[in-house]
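A short worksheet on the structure shown next.
Computation of the quantities below employed the complete heavy-atom set of this structure, encompassing side-chain atoms and omitting hydrogens, waters and symmetry-equivalent molecules. In this text the structure is predicted, and so the values were computed from the model without any measurement. Sequence lines set the chain letters: A, B, ... in the order given, protein chains first and strands last, and positions in each chain run from 1.
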2 protein chains.
Amino acid sequence: MATLADVAALAGYNKSTVSRALARPEMVAPETIARIRAAADQLGYVLNRTASQLARGRTGLAAFVVPTLENAFFAPIIGGAQARAAESDLHLTVTVASLETAAGLAALERLAAQVDGLILAAPRGPEENVAAIAAIKPTVLVDREAEGLPSVVADTATAIGAVVQGLAVRGHRRIAYLGGPPGSWQDPGRAAAAREAAARSGAELTVHGPYPASFAAGVTATAEVLESGATAVVPYATALALGLILTLRGRGVQVPGEVLVSAETTVTEALGVPGIPAIDVAGDALGRAAMDLLGAAMTDPTETSRLRLPVQVTWSRPA
Amino acid sequence: MATLADVAALAGYNKSTVSRALARPEMVAPETIARIRAAADQLGYVLNRTASQLARGRTGLAAFVVPTLENAFFAPIIGGAQARAAESDLHLTVTVASLETAAGLAALERLAAQVDGLILAAPRGPEENVAAIAAIKPTVLVDREAEGLPSVVADTATAIGAVVQGLAVRGHRRIAYLGGPPGSWQDPGRAAAAREAAARSGAELTVHGPYPASFAAGVTATAEVLESGATAVVPYATALALGLILTLRGRGVQVPGEVLVSAETTVTEALGVPGIPAIDVAGDALGRAAMDLLGAAMTDPTETSRLRLPVQVTWSRPA
DNA sequence: ACCGGTTGTGCAACCGGTTGCATGTGACCG
DNA sequence: CGGTCACATGCAACCGGTTGCACAACCGGT
């Protein structure tokens, strides 16, 4: 592997000049840059990130922390963040960790010491634990907000409110909301939005859960849903909706028909029936926004913007 | 932040001794170690990984490369790999990339230069591209095998064969296999196993696809399935199964009943009907095994074990 | 012709560990 | 009792960039 010194020798300049020519060209004469560039790619020189990081006191790593990977919900968010990270020459390391336990907190503190910044996706656990991490390194929250921290949140509360209202308008008098996941920061806001929308439009709302975002939880929830007598159900996650739909049908309940279940567009479209509400979170936009915020926070520690990304609500059309 | 030099000064030893005491205790007198340890945690010393890496010529990074993150299939694999990576003090960076295009190959070559090793999960694209990456850094393949490279594969082929045979035994004369994903190394093996099992047990098998591992693809596949006249369908992925099941039911087809669809246990259980085959891949075990192999390959470049992990087949029992 | 101000480059220290080699000490052996 | 050896520790070079500071050359202005 060619080093800076090799390039310098070949080009006839000092290491320092070569370093500047490559990293801060505005400080170096154009002609010099040209010669150095030529020498560099004649030797196939590539920057040693480790050395660079040591000298600059950075690690070139950003951590993306999720409470679980079982939930496909995080995948597009990670993808979006990943794409942006690559653009700013950062590596994104994905870690499963929880802030709910002392052990989890300790693990994250250790991690924080080894990265330049972190994105905490839907972190559960007490706010002081979140603050403890944020005190170590620039931190951005996803789907949670906290005093003095930058965050980006998918505004599912508004979307769920709109869905509940829309259902009421379409004649549903009894609506069930399946909330979760347990410990979620978003959940109370969603439930509140659902309640408010129901109240405003004169429908009755039952709130169930919290449920984890899993197919199995959807299965479990079926009994409660049937018991509630609701004609429409709004689960907060797709996996939940699928588990619910399949189980309902397995018990001979017409879905939609006797009970309507909202989901995301790909699912509602598949049902081939009009008038089903779909809630779609743009995960990759969420991830990108989070990474952008992290970039900002890394250069300016006073960055504390709170972003709320709109969430799409669609009603399936006649086929 | 305390450095080695600080600890050395406090403990009254040389940097080098402190370094050894902490990293290679067998070279240092026990009493010395004790004093150094004391000094170290009095100062709250933690190793600077960047400096360590520079000195040792490693990056402390392993890359986990997936073709896409949309597919929840990779999540548990990543989780498993991640857990093992943490144990060996490596960071796992998850990257979405493809070996099918020149651009993708170039991106991966760049990535390979910056990590200590890579895990390529279900990589598509020509074998020479895989080899090109493996030539740069120790590489482990997941769900693909290649000459001279360590790999770990979930033996879905055998599982699918067993399912097809089981279906035939239970009286299904016409079985459809939904294959994929496009470009998959596994797919031909799966299709072959399905064909062989069908032939052996005297059932008729139609092979469809390849389909991507998505809910939407399951929706799309419905027409073809109905056309085939099959009474049982074996899709290679859960998302595919769900899309198919929902769409079939949306069209008034009894599932199971008129058409039986295999899936994974969580789904088949939800259906509440006995006799449905489930195929379950232990994703985290796959990830762990891959990371273990990578560890081995990083120390011993001649490591070329090919692991095949068994895949669980279960028939749902009467409820 | 002189001076303050740019601009371009070199020098050397520095980031914080790691490691080959040298040195010193005491134990063990003949 | 001298010699050999294992063991513990120190010294200093090294990994490969980055950057503050010094210095030289050259600029236009007076």
Can you find a heavy atom in the side chain of Val130(A) that is under 4.5 Å from one in the side chain of Arg144(A)?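 Contact flag for Val130(A)/Arg144(A) side chains = yes.
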Can you find a pair of side-chain heavy atoms, one from Val153(A) and one from Asp143(A), that are under 4.5 Å apart?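 The answer is yes, as the side chains (C-beta and beyond) meet within the 4.5 Å cut-off.
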Pairwise N/O distances under 3.5 Å, protein to nucleotides 25-27 of chain D:
none

Taking atom P of dG16(C) as reference, at what distance in whole Å does atom CG of Leu54(B) sit?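 Between P of dG16(C) and CG of Leu54(B): 12 Å.
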Quick one: side chains of residues 30-45 of chain B, donor-acceptor pairs under 3.5 Å with protein atoms, not counting sequence neighbours, listed by atom name and distance.
from	atom 1	to	atom 2	distance (Å)
Glu31(B)	OE2	Arg35(B)	NH2	2.6
Arg35(B)	NH1	Tyr13(B)	OH	2.6

Give the angle between the helix axes at the two ends of the helix from dA1(C)-dT30(D) to dG30(C)-dC1(D), taking five base pairs at each end and rounding to 10°.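 Here the local axes at opposite ends form an angle of 40°.
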If the condition is side-chain hydrogen bond (donor to acceptor under 3.5 Å, both in side chains), which residues does [X] pass it with, not counting sequence neighbours?
X	answer
Thr299(B)	none
Ser214(A)	none
Arg84(B)	Asp292(B)
Arg20(B)	none

Please identify each residue that fulfils side chain to side chain contact (heavy atoms under 4.5 Å, CB included) with Pro126(A), with sequence neighbours left out.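 Applying side chain to side chain contact (heavy atoms under 4.5 Å, CB included) to Pro126(A) gives Glu128(A), Asn129(A).
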Under the rule for side chain to side chain contact (heavy atoms under 4.5 Å, CB included), what residues qualify as partners of Val311(B), not counting sequence neighbours?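 With neighbours one apart ignored, the set is Ala154(B), Thr156(B), Ala159(B), Ile279(B), Val281(B).
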Starting at the 5' end of DNA chain C, which residue's closest nucleotide do you reach first, Asn48(B) or Thr32(A)?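 The residue mapped nearer the 5' terminus is Thr32(A).
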Sequence neighbours excluded and cut-off under 3.5 Å, please list the side-chain donor-acceptor pairs for residues 100-116 of chain A, or say none.
from	atom 1	to	atom 2	distance (Å)
Glu100(A)	OE1	Ser98(A)	OG	3.1
Thr101(A)	OG1	Gly104(A)	N	2.9
Gln114(A)	OE1	Arg49(B)	NE	3.4
Gln114(A)	OE1	His91(B)	NE2	2.9
Asp116(A)	OD1	Thr59(A)	N	2.8
Asp116(A)	OD1	Thr59(A)	OG1	3.2
Asp116(A)	OD2	Arg58(A)	NH1	3.1
Asp116(A)	OD2	Thr59(A)	N	3.2
Asp116(A)	OD2	Gly60(A)	N	2.8

Lys/Arg N to Asp/Glu carboxylate O, Glu87(A) vs Arg288(A), below 4.0 Å: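 Here Glu87(A) does not pair with Arg288(A) in a salt bridge, since their nearest N and O are not under 4.0 Å apart.
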Looking for any heavy atom pair under 4.0 Å, which part of the strands does Thr50(A) touch: base, sugar-phosphate only, or nothing?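 Nothing, no nucleic acid heavy atom in range.
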What nucleotide among dG16(D), dT9(D), dG17(C) has an atom nearest to a side-chain atom of Ala29(B)?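 Per side-chain heavy atoms of Ala29(B), the pick is dT9(D).
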Nucleotide N/O of nucleotides 19-22 of chain C paired with protein N/O under 3.5 Å:
from	atom 1	to	atom 2	distance (Å)
dT19(C)	OP2	Arg24(B)	NH1	3.2
dG20(C)	O6	Arg20(B)	NH2	2.5

Strand contacts (DNA chain C) in residues 33-46 of chain B, 4.0 angstrom heavy-atom criterion: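 Here the set is Tyr45(B), Val46(B).
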